[in-house]
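Residue numbers begin at 1 in each chain, while the letters A, B, ... track the order of the sequences.
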There are 2 protein chains.
Amino acid sequence: MTADEIDHEAETPVYRQIAAVLIADIERGALPVGRRIPSESDLVKRFGVARDTARGAVRYLRDEGYVRTVPQRGSYVLERRRPTEGG
Amino acid sequence: MTADEIDHEAETPVYRQIAAVLIADIERGALPVGRRIPSESDLVKRFGVARDTARGAVRYLRDEGYVRTVPQRGSYVLERRRPTEGG
DNA sequence: CTGCATTTGTGCGTATGTATG
DNA sequence: ACATACATACGCACAAATGCA
C-alpha cells in the first residue's frame, strides 16, 4: 500500500491506516523480528503524510507492543506483541 | 543579512528567508556559478537557526534549481536554474 | 594507511501554530 | 474542548564520505 491507498476521508485515522499496513507487513513476515521498520521520513515519503502523522503510526505500533523505538536509531520489530485482550 | 535580520514572527518561514538571502547572493554574483554555498553549519552559525532550518533553505534552493548538492561535499551554484513557470 | 576536521545523510525527541471535524 | 493532520522549527546523536596533513 502506498500514498494512493490512503483514504483521508475514511473514518479510520490516517495514522491507523499506516499502522495497519506495517502490522500486516509484520504479521506476514515482510518485517521479521529484529528488523527495523521504515523510518518516519520513509513513511512521510511513502504515504505522503506529515511527519506528525507518520509518528502517530509508529507510536501506535509501540503502544500495541509490535515494536521498540530506540532514540536516534529507529523502531525494531519485537518477538511478541503485548496482548490487548488475551488473544 | 545575519541572525539579527531573521524575523521569526514573519509569515514567511525562516528557511525561506534564509533561502532568499542566498538567492540574492547568487543573483548578484556574490555566489558565482560553480561556487560552493555556505555549509549547513555555516548557516546555523550565521543565522542562529537549527540545522533542520538551514537544511530547509538548501533544500529549497535545490528544488528551485539554484544549486546541486554533492554528499559530503556541499552545494554548488548551477549555471541556470530550473524554470518554475516559464520565466 | 592513519588521524582529524568538514559536510551531508539519517533518525528520533520535542514544541508551536494553524486548520478541520 | 478534543483528536487528527500538516508545516515549521529547535535539539541531539551517529553514520558515511570526502579532503588534507
Exercise. Provide the start and end nucleotides, 5' to 3', of the part of DNA chain D that has atoms under 4.0 Å from heavy atoms of chain B.
Key: D:dT8 to D:dG19
Practice problem: Quick one: do B:I18 and B:V49 satisfy side chain to side chain contact (heavy atoms under 4.5 Å, CB included)? Show the steps, please. | Solution: CA-CA 10 Å; B:I18 294 174; B:V49 297; 3.9 Å; yes
Kindly compute the distance separating [atom1] ([X]) from [atom2] ([Y]), expressed to the nearest 0.5 Å.
X	Y	atom1	atom2	value
B:I6	B:R46	CD1	CZ	9.0 Å
B:D52	B:R55	CG	CZ	8.0 Å
A:E64	A:I23	CD	CD1	6.5 Å
B:S75	B:R62	OG	CZ	6.0 Å

Exercise. Provide the Watson-Crick or G-U wobble partner of D:dC10, both distances under 3.5 Å; none if there is no partner.
Key: C:dG13
Quiz item: A:Y60 ring centre to A:R16 NZ or CZ under 6.0 Å, with the angle to the axis within 45°?
Solution: yes
Quiz prompt | Ring-face cation contact, B:Y76 with B:R35, 6.0 Å cut, 45° max | solution = no
Quiz item: Are the side chain of A:Q17 and the backbone of A:T12 linked by a donor-acceptor contact shorter than 3.5 Å?
Solution: yes
Distances under 3.5 Å between protein N/O atoms and the N/O atoms of nucleotides 10-13 of chain C, please, pair by pair.
| residue | atom | partner | partner atom | Å |
| --- | --- | --- | --- | --- |
| C:dT10 | O4 | B:R51 | NH1 | 3.2 |
| C:dG11 | OP1 | A:R36 | NH1 | 3.0 |
| C:dG11 | OP1 | A:R36 | NH2 | 2.9 |
| C:dG11 | OP2 | A:S39 | OG | 3.3 |
| C:dG11 | N2 | A:Q72 | NE2 | 3.0 |
| C:dC12 | OP2 | A:E40 | N | 3.0 |
| C:dC12 | O4' | A:Q72 | N | 3.3 |
| C:dC12 | O2 | A:Q72 | NE2 | 2.7 |
| C:dG13 | OP2 | A:R55 | NH1 | 3.3 |
| C:dG13 | N7 | A:R51 | NH2 | 2.9 |
| C:dG13 | O6 | A:R51 | NH1 | 3.2 |

Quiz item: Nearest-Å distance, CG (A:D52) to P (C:dT18)?
Solution: 16 Å
